[in-house]
Amino acid sequence: MSIEYNKNKKYSKLELMEMAFQESLLSVSEHTDKPDPKVGAILTTADGKILATAHRGELRVGEHCEYTLIERKLQSENLQGCNLYVTLEPCTDESRKTPKRGCSTHITKARLGKVFIGIRDPNVDIENKGANFLISQGIEVEDFNPEIADKIRENLKDFINYQEEQKLIIQQKTEEKPVEYLKQSVLNTQISLFSSNAINTFIQYSKAEFSYPSPEFNDWAFAFGLLTKDKNELIPTHLGLLLFGENILQHSIFKVEIDYGNGNTEIKDFESPVATQLPRIIDFVKDKALKLTIDRSSAKRETTADFPVEILREVIANAIIHRDYSIENSTNYLYIGADKIIVRSPGMPVPPLTVEEMQTFDIPSISRNPKIMYVYNRMGMAEQRGIGLRNLKHLPEYGFIKPFIKLIANILEITIVRNIAILPELKENTAKLTQEEQNGLLFIEQKGKISVKNYAEHFGLTEKTAQRRVKDLLDKKLIETVGENRWIKYKLKE
């Protein structure tokens, strides 16, 4: 039995995502010794008409719903260009036992046009690989609406927790695969270069059943990818030295600069181990930089507004967890001044994310480095999966406008404005802002979209005065119009 639907109706993307979630709730478990994922899928025409629905185990216990749809229910249909909505990332051939093929292979063979994915599979051997395989085959990939993804994640919490626990279980694998950067061994290094303090902190928070140093730790570290073997000698990998090494890989440095004003700055390099970088950085900046007293002249000192430490922690954590560590000529960078905060992290957005999508802040958590994400999650230093940078959209609630995100070569830069008066500078507009213009911009940002009447009522102005002030912001290209004629509204210009 599946969810009911109208085969003649054209459903919206949001409706289909919600229906796929509801379909997943019907899934049939196959194991009694471990949690199985509840997965639902819907195949539609390109314009949103439903061809069929399926859930895991619907026709046969253990059968994946993508296989049920493509190879069983719609086997005789031409599915080229059709869309698939599935609540869990499709698996790959490598994650299946021969002769079974991965769902991503069945999707490719069916020549589907687009796949909407609810959440990425938490299995470290699948996470991002299914989506990236589809993209490599020319299939467009888009993630579910974040609110529906959160519901899927909550429904799969037992399965997700189980998969996270598996990363602490020794599962040695011998198959030959191209060696990714983080898995590569680092010549002329040894396990003694690991930090005892960092490893024991991780062991404490993860509740692992081994100690350090010990043969049991070495076995786990080898299975997890922190160590490789060469002629029975254990050698650290890039991942191992990044997470737990002591000042070995220079590009793992997180450079922090605090600008106290009037030419006074303080610069500090936070070196490895990456596993404990975040709390050290936060301890350094929270008292010195989140409430700055700036010396703007010899006679006057000015204090900036407090900045929420929890949001700064999230931005820094994302820079550490999701940067591209194969870029060895760049480091993470944090600048904190009275007017702005800048965070730079090497690496392009993880496909299929784009900078434009990131600027909406309604994005799923897609980890470039799931093992670093896992370590941070186990140590309680990263938000739960799915939150990512989404809390940045709440900055207007603290009195700040939403950040700016852009790419500079292969460096992702996030700029958070602490002093709205510098907005024209960031938008390459030389005009200066009065205090009333700053207040107006912050009001528009907080509301998202406003009418002249809204502006007038909020500031106690006549509509004629409000119209003039809104026009000034429009002329300075700081806001833009939405809609037409009497339905016209204004929002902050992208």
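Numbering starts at 1 and runs along the sequence shown. Heavy atoms only: backbone and side chains are in, while hydrogens, waters and symmetry mates are out. Predicted model, so just to flag it, every value in this text is computed and none were measured.
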I want to check something: taking the side chain as every heavy atom from C-beta on, are [X] and [Y] in contact at a cut-off of under 4.5 Å?
X    : Y    : answer
S206 : M379 : no
L278 : Y376 : yes
P308 : F400 : yes
L242 : N369 : no
Y11  : N6   : yes
D230 : T228 : no
L84  : L69  : yes
L88  : P122 : yes

For [X] and [Y], work out which heavy atoms get closest and say how close.
X    : Y    : result
L395 : I416 : CD1-CG2, 3.9 Å
I311 : Y398 : CD1-CE1, 3.7 Å
N332 : P346 : OD1-CD, 3.3 Å
P279 : M381 : CD-SD, 3.3 Å
F144 : A20  : CZ-CB, 4.2 Å
L334 : V285 : CD2-CG1, 4.3 Å

Please say which of E63, E66, E30 ends up in a salt bridge (Lys or Arg N to Asp or Glu O under 4.0 Å) with R56. E30
Using the rule given for side chain to side chain contact (heavy atoms under 4.5 Å, CB included), can you reason through K229 versus L234, listing the C-alpha separation, both sets of side-chain angles and the distance that settles it, and then say yes or no? CA-CA 5 Å; K229 283 183 180 178; L234 291 171; 3.6 Å; yes
Tell me if the centroids of the rings in F224 and Y374 come within less than 6.0 Å of each other. yes
Measure centre to centre between the rings of F270 and F284, then say whether the value is under 6.0 Å. yes
If we count only N and O atoms by modelled type, under 3.5 Å, do the side chains of S195 and N197 hold a donor and an acceptor together? no
Check: E328/Y181 side-chain N/O donor and acceptor closer than 3.5 Å: yes
What's the separation between atom [atom1] in [X] and atom [atom2] in [Y], rounded to the nearest 0.5 Å?
X    : Y    : atom1 : atom2 : answer
K449 : I444 : NZ    : CD1   : 13.5 Å
K114 : L112 : NZ    : CG    : 13.0 Å
I203 : E209 : CD1   : CD    : 12.0 Å
E246 : L241 : CD    : CG    : 10.5 Å
Q250 : T331 : CD    : OG1   : 10.0 Å
E147 : L14  : CD    : CG    : 9.0 Å

For [Y], does its backbone N or O pair with a side-chain atom of [X] as donor and acceptor, under 3.5 Å?
X    : Y    : result
H251 : Y325 : yes
S27  : V39  : yes
T87  : F21  : no
D93  : G102 : yes
R368 : M348 : yes
Y67  : R101 : no
T237 : L226 : yes
E89  : N128 : yes
Q277 : I316 : no
D158 : P35  : no

Under the side chain to side chain contact (heavy atoms under 4.5 Å, CB included) rule, what do T45 and K10 come out as? Steps first, then yes or no, please. CA-CA 9 Å; T45 59; K10 295 180 181 178; over 6 Å; no
Between the side chains of E154 and K151, is the shortest nitrogen-to-carboxylate-oxygen separation below 4.0 Å, so that they form an ion pair? no
Do the rings of W220 and F217 sit parallel, tilted or perpendicular, given the 30° and 60° boundaries? tilted
Please report the C-alpha distance between K13 and E142 in whole Å, then the side-chain angles of each, then the deciding distance to 0.1 Å, and finally whether the side chain to side chain contact (heavy atoms under 4.5 Å, CB included) criterion is met. CA-CA 11 Å; K13 291 194 298 184; E142 183 175 326; 3.1 Å; yes
Geometric cation-pi criterion K38 and F159, 6.0 Å radius, 45° cone: no
Check each of R96, H55, H106 against H64 using the side-chain hydrogen bond (donor to acceptor under 3.5 Å, both in side chains) test, and report the only one that passes. R96
Evaluate the side chain to side chain contact (heavy atoms under 4.5 Å, CB included) criterion for residues L79 and R111: first the C-alpha distance (whole Å), next the side-chain angles of each, then the deciding distance (0.1 Å), finally the verdict. CA-CA 7 Å; L79 302 178; R111 295 182 292 176; over 6 Å; no
Neighbour count >12 (heavy atoms, 6.0 Å) for atom CG, N232: no
So for atom CZ, which belongs to R72, do other residues, nucleotides or ligands contribute more than 12 heavy atoms lying within a distance under 6.0 Å? yes
State which residues pass side chain to side chain contact (heavy atoms under 4.5 Å, CB included) with T53; sequence neighbours excluded, sorted by chain then number. S2, I3, Y5, E23, I42, I50
Apply the side chain to side chain contact (heavy atoms under 4.5 Å, CB included) test between L412 and each candidate in L407, D324, V343; give the one that qualifies. L407
